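What you see is a predicted model; the values in this text were computed from it and never measured. Along the sequence shown, residues carry numbers from 1.
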Amino acid sequence: MISKTVFDDVETLKKELIRCMKCGNCMSACPIYNVEKKESSVARGKIALGEAVLSDEINIDDETLVKLIFNCLVCKSCMLACPSGVRYDRIILGLRAAIAKKKGIPFVKKALFGLLKNPELFDKGMKAFATMQGLFLREEGEKKRTPKRFLKGISPRFDEQFILPELSRESFRDRVNETVEAKSSQATVIFFTGCSVNYLYPEVGDDLLYVLNKNNISVITPKKQNCCGMPVMVHGDIDTARELARKNIDIFEQTNAQYIVTVCGSCGSALKHEYPLILEGTEHVEKAKKWAERVYDISTFLLKVINLEPPKGKVELKVTYHDSCHLKKSMKVFNEPRQLLKMIPGLTLIEMKKPDACCGSGGSYHLTHADTSIKIAKAKAEDIKATGADTVCTGCPACMMEIFESMHRFDGQCNVTHTVSLLAQSYKAEEKENV
């Protein structure tokens, strides 16, 4: 029996809505409002729309309303600026769930979300697409792809300047052993890869395994782990999100791991914060809470859970760090990545003016709201370029994709990488120096 959550009960959702005192502090933090300058773009405006829906002043079927409710990155920036502690993330996701229940999930989304519930079928689909990606995407240099002209009809973002990393023909989970035992193991962890690392950035997974091995950590990478569920949750499909959560928890329960390690702020946030919420009142909720306490971003795990072997190899780079929204604003991880970077010999950390400003990705937002996303991305790209850094790193593969594309779009020369990859680079440099 599902308890009364904002996803299932109107009265519970109302209780969240009335906490907003309409002060407008969210305006200063919202990346969308900063571009569009419309009341409907900001949290306060959407809360007002939600109140109108729940008081029957606006029909939830109204197409204009639906578009406004989905014009949100769910970046949680507004929550940091809110003096009343309004849980806007719950409000916006609750409203989207209500829309999905009333109107249903669009056919294309329903088909894609159905694939996510079957990891074996989803895996086959991704591998088939990787093999045939040349039909849709043309090569643009090493491991870079741009969409072919006929894809422009899908999104205006698919223009001549759009670029993305090549889809790997071999997934990360296929190329590694499910269990890697370390000598004199400090701990055993589950590596929750997320979809992006598994299919787009397997090298980040390789670097994580290398770093954990260097620190004598045994790693279990479950082959049948599912998507974290965040992509479906933000589109209102709470039932699929719950199914994915239950399946992942059942997989965690089959291991002897003490911790779960993530390299994606969205995945980490889903496991740590969303699972206990969406599974409230179910038989899985206590297990969800137990595992939530064991979820760590890789940077926090290295610095606060284990005895870290300090990196000693020189990495002579000028690096700037981008705070992914969910990593900083949900998982509260922002000092740890910087601490790791400052430990690397030869590396110079140069801060942006606004390192925690959203990059404009928002999952599929950068495709569905291309004009606004591009303007947000441009501000981020200009901030990065102003640092004069060689490399921009972050703790989120989705941000890596967005920044990679926006730097190309706005003539930036920075390389884009993950924090753990720079750490791995230092360890490898140390080994070469000692040969």
Do side-chain atoms of Lys329 reach the backbone of Ser77 as a donor and acceptor pair under 3.5 angstrom?
-> no

Polar side-chain atom of His284 near backbone of Ile249 as donor-acceptor pair, under 3.5 Å | no

Report yes if some heavy atom in the side chain of Ile32 is under 4.5 Å from a heavy atom in the side chain of Val42; otherwise report no.
-> no

Approximate separation, where rounding is to 0.5 Å, of Asn415 CG and Phe404 CZ = 9.5 Å

Do Ser361 and Cys399 pass the side chain to side chain contact (heavy atoms under 4.5 Å, CB included) test, and can you show the C-alpha distance, the side-chain angles, and the key distance before you say yes or no?
-> CA-CA 7 Å; Ser361 172; Cys399 292; 5.6 Å; no

Between the side chains of Lys380 and Ser406, does any donor sit under 3.5 Å from an acceptor?
-> no

Is the backbone of Leu367 close enough, under 3.5 Å, to the side chain of Ser364 for a donor and an acceptor to pair up by distance?
-> no

Would you say Gln258 has more than 12 foreign heavy atoms packed within less than 6.0 Å of its CD?
-> yes

Side-chain touch Pro31/Leu73, heavy atoms, less than 4.5 angstrom | yes

Side chains of Ser155 and His366, donor plus acceptor under 3.5 Å | no

Calculate, to the nearest 0.5 Å, the distance between atoms CG and CG belonging to Asn59 and Leu65 respectively.
-> 8.5 Å

Taking it one step at a time, do Glu51 and Leu54 satisfy side chain to side chain contact (heavy atoms under 4.5 Å, CB included)?
-> CA-CA 5 Å; Glu51 290 171 338; Leu54 297 183; 6.0 Å; no

Any chance the side chains of Asn71 and Glu36 put a donor and an acceptor closer than 3.5 Å?
-> yes

Evaluate whether atom NZ of Lys223 has more than 12 neighbouring non-hydrogen atoms of other residues, nucleotides or ligands under 6.0 angstrom away.
-> yes

Under-4.0 Å salt bridge between Glu243 and Arg246 | no

With distance as the sole test, does Arg96 use its side chain to make a donor-acceptor pair with the main-chain N or O of His235 at under 3.5 Å?
-> no

Ser373 side chain to His369 main-chain N or O, any donor-acceptor pair under 3.5 Å?
-> no

Heavy-atom check, side chain of Lys127 versus side chain of Phe129, under 4.5 Å = no

Side chain to side chain, Val219 and Val261, heavy atoms closer than 4.5 Å = no

Inter-residue atom distance Asn226.CG - Cys195.SG, 0.5 Å rounding | 9.0 Å

Residues Thr193 and Arg173: side-chain donor-acceptor under 3.5 angstrom | yes

Strictly by modelled atom types, are Asp8 and Thr5 linked by a side-chain donor-acceptor pair under 3.5 Å?
-> yes

Do Cys325 and Lys76 come within less than 4.5 Å of each other through their side chains, counting heavy atoms only?
-> no

Residues Lys428, Asp207: salt bridge by 4.0 Å N-O rule | yes

May I ask you to decide whether Glu280 forms a salt bridge with Arg242, counting only side-chain N to carboxylate O separations under 4.0 Å?
-> no

Does a side chain donor of either Glu170 or Ser168 reach within less than 3.5 Å of an acceptor in the other side chain?
-> no

For side chain to side chain contact (heavy atoms under 4.5 Å, CB included), just list the numbers for Glu11 and Lys14, CA-CA rounded to whole Å, side-chain angles, deciding distance to a tenth of an Å, and then say yes or no.
-> CA-CA 5 Å; Glu11 293 305 316; Lys14 283 182 179 178; 3.6 Å; yes

Other residues, nucleotides, ligands: >12 heavy atoms within 6.0 Å of Lys110 NZ | no

Considering only NZ, NE, NH1 and NH2 on the basic side and carboxylate oxygens on the acidic side, decide whether Lys289 and Glu293 come within less than 4.0 Å.
-> no

Assess whether side chain to side chain contact (heavy atoms under 4.5 Å, CB included) is satisfied between Ile47 and Cys20, documenting all intermediate values.
-> CA-CA 8 Å; Ile47 287 172; Cys20 175; 3.7 Å; yes

Are Glu402 and Arg157 within salt-bridge range, i.e. N to O under 4.0 Å?
-> yes

Greater than 12 external heavy atoms within 6.0 Å of Lys38's NZ | no

Below 6.0 angstrom between ring centroids: does that apply to Phe122 and Phe113?
-> no

Enter the distance from Tyr427:OH to Ile344:CD1 here, rounded to the nearest 0.5 Å.
-> 9.0 Å

Report yes if the side chains of Leu116 and Val232 come closer than 4.5 Å at any heavy-atom pair, otherwise no.
-> yes

For the side chain of Lys247 and the backbone of Lys117, is there at least one donor-acceptor N/O pair under 3.5 Å apart?
-> yes

Could you tell me which non-hydrogen atom of Pro222 sits nearest to which non-hydrogen atom of Ile251, and how far apart they are?
-> CB-CG2, 3.6 Å

Checking Asp250 side chain against Glu253 main chain: does a donor-acceptor pair fall under 3.5 Å?
-> no

Please indicate whether Lys290 has more than 12 foreign heavy atoms, meaning atoms of other residues, nucleotides or ligands, lying under 6.0 Å from its NZ.
-> yes

Side-chain (Asp159) to main-chain (Gln161) donor-acceptor, under 3.5 angstrom | yes

The residue among Val204, Val319, Thr391 that forms side chain to side chain contact (heavy atoms under 4.5 Å, CB included) with Thr417 is Thr391

Listed by chain and number, what are the side-chain contact (heavy atoms from CB on, under 4.5 Å) partners of Ala130, not counting sequence neighbours?
-> Gln133, Leu167, Arg169

What's the spacing between Leu17 CG and Lys46 NZ if we round to 0.5 Å?
-> 13.5 Å

So do Tyr201 and Pro165 actually touch side chain to side chain, heavy atoms under 4.5 Å?
-> yes

Heavy-atom closest pair, residues Ala182 and Ser218 = N-OG, 3.0 Å

Check: Cys264 main-chain N/O paired with His418 side-chain donor or acceptor under 3.5 Å | no

Counting heavy atoms not belonging to Lys378, are there more than 12 under 6.0 Å from its NZ?
-> no

When rounded to the nearest 0.5 angstrom, what distance separates CD1 in Ile403 from SG in Cys359?
-> 5.0 Å

Answer yes if the side chains of His322 and Asp356 hold a donor-acceptor pair under 3.5 Å, and no otherwise.
-> no

Aromatic Phe136 / basic Lys148 pairing, under 6.0 angstrom, 45° off normal = no

For Phe192, does its backbone N or O pair with a side-chain atom of Gln225 as donor and acceptor, under 3.5 Å?
-> no

Charged N to carboxylate O under 4.0 angstrom, Arg87 versus Glu16?
-> no

Quick one: does NZ or CZ of Lys101 land under 6.0 Å from the six-membered ring centre of Phe7, within 45 degrees of the ring axis?
-> no

Between Asp323 and Arg338, is there a salt bridge with N-O shorter than 4.0 Å?
-> yes

Identify the heavy atoms of Pro311 and Leu423 that sit nearest to each other, and give their distance.
-> CG-CD1, 3.6 Å

Please say which of Tyr275, Tyr259, Phe191, Trp291 ends up in a ring-ring contact (aromatic ring centres under 6.0 Å, His included) with Phe252.
-> Trp291

Student check: side-chain heavy atoms of Leu302 and Val211 closer than 4.5 Å | yes

Looking at Phe70, does the NZ or CZ of Lys109 lie under 6.0 angstrom from its six-membered ring centre and within 45 degrees of the ring axis?
-> yes

